[in-house]
Amino acid sequence: MADRKATLNIEGMDPIELPVYQGTVGPDCVDVSSLAGKGVFTLDEGFASTASCRSEITYIDGGKGVLLHRGYPIDQLANNADYLEVCYLLLNGELPNAEQKAEFDSIVTNHTMVNESVASFYNGFRYDAHPMSMLCAVVGALSSFYHDSLDISDPEHRRVTTMRLISKMPTMAAMAYKHSIGQPALYPRNDLDYASNFLYMMFGTPCEDYEVNPVLARAMDKIFILHADHEQNASTSTVRLAGSTGANPFACIAAGIAALWGPSHGGANEAVVKMLGEIGSEDKVDEAVKRAKDKDDPFRLMGFGHRVYKNFDPRAKVMKEACDEVLAELGIDDPHLKIAKRLEQIALEDDYFVEKKLYPNVDFYSGIILRAIGIPLNMFTVIFALGRTSGWLAHWNEMIEGNSRIGRPRQLYLGSDLREYKKR
Ligand code: SDX
């Protein structure tokens, strides 16, 4: 039931009445779906003003720098919950009680191994293959193993697949890293929590015991939470669009991984550290800011700006605090952090960035903390994909449960009109 009505007046056409819907919070939405029947489309390149769906999972207020997961502020979740608790919240709409959390953790812990044949996939990649290419390929291939949970119309199949992906993503991510350094993959351990298990599989070896540093494990878990979900971003929209065709969930998540890889999206954390390395020292920051403002220079400050946030990305604030904690704990004096803080200070005082409302985003500090934990540069976006898997799955489930129609945008056609074929 529409809350209000809008009237579209186009010269030479009768007025068109459109329903307007009000959300719990945030902008109202004009439902333009009836326009196609009246011979007119809306055009919104990059979907800056387009709501693609109805959702109850995550709300972002870009102007105020607010991010809520099922109504809970991201900083409260990052500072009080663990990642699996946030996964449960995103998937089920409510925080788990102690019994529900224990059961959820147990299911994840007992499904972290992958089929041994999956392990052999990695041997087919070049030693220097980018881990994102391996993760994308392996996740997409999982549908050839789990025939018992591919019926997306069956809620139990969807639940099983959802839990399999959340459980196995750290194992597959760590296997990609181990392959890239020529070390044997380690089996997951059931005595470790989710983040500790991941760090163990990343940095442990068969040759000796490996003790996970609890401060690093907590920081890793917080990083997973900060990347868990973010409304209808490019990769989540990709998962929804792929899912709307009825494609199997493994293919949909692989599509999300592929979309996330781009440097304008999830690849930005890797690009930030490369950028800080190129800047090299604090006295070169002014030059970098000057280049970022130069229209003729393709250089941009990676980790700055956001399609939605026109204020501080609340995740960047939490990430910055975690960064300071980890570097202090490890006694690391990372020159990149000094350059990053100088860059942030200058950019936030510079008219260009102030006018365009370009603030540090989630990727600005994440690269520094990942480096401090020991995560190699080419694994940064894999970490993002690992955390975002819960958000992708929450949206995929919400879309399937909502019986969404296949997504099929239209266009403003500017090509040739009808013409007859003549050999040239
Ligand atoms: C993520 O959508 C999500 O929610 C994504 C994400 C998630 O959790 O899923 O939050 C994760 O992707 C974070 C963003 C990571 N990307 C980067 O840090 C790359 C650097 N940022 C930019 O490429 C850019 O800001 C985007 C891609 C993030 C946003 O692009 P928009 O919304 O299309 O904005 P725009 O490119 O049109 O920029 C608006 C203006 C432009 O100037 P004008 O043409 O208006 O004169 O701001 C300028 C841009 O040139 N600008 C920058 C800049 N970002 C934008 N100038 C210098 N440095 C930058 N980083």
Side-chain angles (χ1 to χ4, degrees), residues 44-52 55 57-63 65-69 74 78 86 90 223-240 256-276 278-279 285 287-319 340 343-344 346-348 350-368 380-381 383-392 394-395:
D44 180 15
E45 291 175 303
F47 309 121
S49 305
T50 295
S52 61
S55 181
I57 299 170
T58 289
Y59 172 70
I60 303 171
D61 182 325
V66 168
L67 169 57
L68 307 178
H69 289 322
I74 186 62
V86 174
L90 291 171
I223 289 169
F224 292 152
I225 292 174
L226 294 173
H227 289 87
D229 190 49
H230 212 239
E231 198 211 62
Q232 306 308 324
N233 59 85
S235 54
T236 300
S237 299
T238 301
V239 171
R240 278 181 172 260
I257 294 171
L260 184 76
W261 198 356
S264 288
H265 188 17
N269 51 19
E270 187 175 339
V272 166
V273 172
K274 284 179 182 165
M275 173 191 74
L276 295 174
E278 283 162 17
I279 293 172
V285 166
E287 172 58 25
V289 171
K290 188 161 162 273
R291 283 188 60 201
K293 291 156 56 176
D294 178 355
K295 279 274 152 252
D296 300 325
D297 188 331
F299 177 79
R300 281 193 162 182
L301 289 188
M302 301 314 279
F304 268 82
H306 199 278
R307 171 60 58 77
V308 177
Y309 287 123
K310 302 308 171 191
N311 197 322
F312 244 94
D313 180 335
R315 300 168 296 176
K317 281 184 185 169
V318 179
M319 197 73 82
L343 201 50
E344 177 188 340
I346 292 182
L348 295 185
D350 184 286
D351 290 346
Y352 175 92
F353 290 87
V354 173
E355 280 154 28
K356 293 180 187 300
K357 300 186 184 332
L358 301 175
Y359 289 85
N361 57 49
V362 66
D363 295 299
F364 188 60
Y365 285 103
S366 61
I368 296 167
F380 284 11
T381 310
I383 301 290
F384 196 143
L386 200 169
R388 187 53 55 90
T389 295
S390 52
W392 288 332
H395 284 276

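Whatever order the structure lists ligands and atoms in, that order sets their numbers, starting from 1.
- Between the N361 side chain and the G305 main chain, a donor and an acceptor come within less than 3.5 Å of each other.
- The shortest contact between atom 40 (C) of ligand 1 and any protein heavy atom is with K356 CD, 4.0 Å.
- Of the candidates H306, M275, M302, E45, M302 brings a heavy atom nearest to atom 19 (C) of ligand 1.
- The heavy atom nearest to atom 56 (N) of ligand 1, considering only F304, Y352, F364, is found in Y352.
- Counting protein heavy atoms under 4.0 angstrom from atom 36 (O) of ligand 1 gives one or more.
- Contact between G303 and ligand 1 is present, with at least one heavy atom of the residue lying under 4.0 Å from the ligand.
- Put simply, the side chain of F224 does not reach to within 4.5 Å of the side chain of V86, judged on heavy atoms.
- Not a single N or O atom of A234, backbone or side chain, sits closer than 3.5 Å to an N or O atom of ligand 1.
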Discussion item. Please evaluate residues I383 and N269 with respect to the criterion side chain to side chain contact (heavy atoms under 4.5 Å, CB included), reporting the C-alpha separation (whole Å), side-chain torsions for both, the decisive distance (0.1 Å), and the verdict.
Written reply: CA-CA 10 Å; I383 301 290; N269 51 19; 5.8 Å; no
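- Nearest protein neighbour of atom 4 (O) of ligand 1, counting heavy atoms only, is H230 ND1, 2.6 Å.
- In this structure, the side-chain contact (heavy atoms from CB on, under 4.5 Å) partners of I60, at least two apart in sequence or on a different chain, are T58, L67, H230, E231, V308, Y309.
- Of all the listed residues (D294, L67, N361, L358), L358 holds the heavy atom that lies closest to atom 53 (C) of ligand 1.
- In terms of polar-atom proximity, defined here as any N/O pair under 3.5 Å, R315 does make such a contact with ligand 1.
- Atom 21 (N) of ligand 1 lies below 4.0 Å from at least one non-hydrogen atom of the protein.
- Protein heavy atom nearest atom 11 (C) of ligand 1, with residue, atom name and distance: H265 ND1, 3.8 Å.
- Among protein heavy atoms, atom 28 (C) of ligand 1 sits closest to G305 O, 3.7 Å.
- Contact annotation for atom 1 (C) of ligand 1: protein present (non-hydrogen atoms, distance under 4.0 Å).
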Practice prompt. Please step through side chain to side chain contact (heavy atoms under 4.5 Å, CB included) for the pair H69 and I225, ending with a clear verdict.
Written response: CA-CA 10 Å; H69 289 322; I225 292 174; 5.8 Å; no
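- The part of R388 lying near ligand 1 is the side chain, judged by heavy-atom distances below 4.0 Å.
- In this structure, the protein non-hydrogen atom closest to atom 57 (C) of ligand 1 is A292 O, 3.6 Å.
- In this structure a side-chain-to-backbone donor-acceptor pair under 3.5 Å is missing from S235 to A259.
- The nearest protein atom to atom 32 (O) of ligand 1, hydrogens excluded, is given as R307 NE, 2.7 Å; this is a heavy-atom distance.
- Taking a distance limit of 4.0 Å, we find that atom 59 (C) of ligand 1 is approached by some protein heavy atom.
- Under a 3.5 Å cut-off, the side chain of D61 and the backbone N or O of V66 do not form any donor-acceptor pair.
- Around NZ of K310, the count of heavy atoms belonging to other residues, nucleotides or ligands within 6.0 Å exceeds 12.
- Heavy-atom proximity to S264, at under 4.0 Å, picks out these atoms of ligand 1: 12 (O), 14 (C), 15 (C), 16 (N), 27 (C).
- Between Y359 and F312, the ring-plane angle classifies as tilted under the 30° and 60° cut-offs.
- When the heavy atoms of R300, R291, K295 are ranked by distance to atom 38 (O) of ligand 1, first place goes to R300.
- Contact of the M319 side chain with the H227 side chain is registered, since non-hydrogen atoms from C-beta on lie closer than 4.5 Å.
- For the pair L301 and F364, the minimum side-chain heavy-atom distance is 4.5 Å or more.
- If you check which protein heavy atom lies closest to atom 17 (C) of ligand 1, you get A268 CB, 3.5 Å.
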Worksheet item: side chain to side chain contact (heavy atoms under 4.5 Å, CB included) between F380 and D363: does it pass, once the steps are laid out?
Response: CA-CA 10 Å; F380 284 11; D363 295 299; over 6 Å; no
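- Given atom 15 (C) of ligand 1, the protein heavy atom at minimum distance is D363 OD2, 3.2 Å.
- T238 places a side-chain N or O within 3.5 Å of a backbone atom of A234 that can act as its donor or acceptor partner.
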